[in-house]
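Worksheet for the structure shown next.
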Amino acid sequence: MTTESHILVIFPHPDDETFSSAGTLARYVDEGVPVTYACLTLGQMGRNLGNPPFATRESLPDIRERELDDAMKAIGITDLRKMGLRDKTVEFEPVEEMDAMVQSLIDETQPSTIISFYPGFAVHPDHEATAEAVVRTVGRMEVSRRPRLQLVAFSNDAVEQLGEPDIVNDISAYRDRKYAAFEAHRSQTGPFLEQLANPQGQASGVPKEAANFLTTETFWTYSFK
């Protein structure tokens, strides 16, 4: 990893940080780099209610907030910002308000790097709206003041369209921390955790793509034209 002064993480949902970046973030924390996580919503409209179900539509927001808090403890992040937007409506937030929120976070934390989603390759409308706000806002900054954008691309055509990831982090040493963060988000990650619970460890019974989440995290840097 490059030398960093502050990492600002901006994702729309609880668990976005765990699937994409938990091992990388845990390593930054252990290296003494300040990490701020701005989670835009509490995932109130999450598809899953536990496996077997233990949440209701009414209780899910409180449950997901507690899960987010527990995941932060597992990763080691102490500066968590809950930004108060509503799940599945981020794409409808006024552009100027989204950009002002991102700019305010940048002004306060003065990050050397921002971790978020890559626009056009983030799959979910809330992901895309978040990615677009981050890129728009940073793109308006003076070049000398811009933080580096270290972005997550989940769509199946990411490598075909963007090329191989610019950053490939081996997080094998942090797999237990990442697994604990997955466990914290148990209302949404139950089926995924079942894939990882094969008693033979990460052998043939676990899909390769599932096991890879615990050992490797990839990012693309964003270059403004």
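These numbers come from a predicted model, not from an experiment.
- A side-chain donor-acceptor contact under 3.5 Å links Lys178 to the backbone of Phe19.
- Proximity of the aromatic rings of Tyr179 and Phe182 is defined here by a centroid distance below 6.0 angstrom, and this criterion is not met.
- Side chain of Thr113 to main chain of Ile7: no donor-acceptor pair is present (N/O by atom type, distance under 3.5 Å, no hydrogens or angles).
- Between Phe219 and Ile115 the shortest heavy-atom distance is CE2-CG2, 4.1 Å.
- Sorted pairs that involve residues 149-173 and meet salt bridge (charged side-chain N to carboxylate O under 4.0 Å, His left out), not counting sequence neighbours, are lacking altogether.
- Sorted by first and then second residue, the salt bridge (charged side-chain N to carboxylate O under 4.0 Å, His left out) pairs with a member in residues 103-121 read Arg81-Glu108; sequence neighbours excluded.
- Aromatic ring orientation, His127 versus His13: tilted (interplanar angle from 30° to 60°).
- Under the salt bridge (charged side-chain N to carboxylate O under 4.0 Å, His left out) criterion, no residue pair touches residues 118-135, with sequence neighbours excluded.
- For residues 133-145, every residue pair satisfying the salt bridge (charged side-chain N to carboxylate O under 4.0 Å, His left out) rule, not counting sequence neighbours, is listed here: Asp99-Arg136, Asp99-Arg140.
- Contacts of Val143 classified as side chain to side chain contact (heavy atoms under 4.5 Å, CB included), with partners at least two apart in sequence or in another chain: Arg146.
- The ring-ring contact (aromatic ring centres under 6.0 Å, His included) pairs that include a residue from residues 136-168 are Phe117-Phe154, where partners are two or more places apart or lie in different chains.
- For the 3.5 Å distance criterion, the side chains of Glu217 and Thr24 qualify, holding a donor opposite an acceptor.
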Step by step, work out the salt bridge (charged side-chain N to carboxylate O under 4.0 Å, His left out) result for Asp30 and Arg177.
CA-CA 12 Å; Asp30 284 2; Arg177 297 258 288 274; 3.2 Å; yes

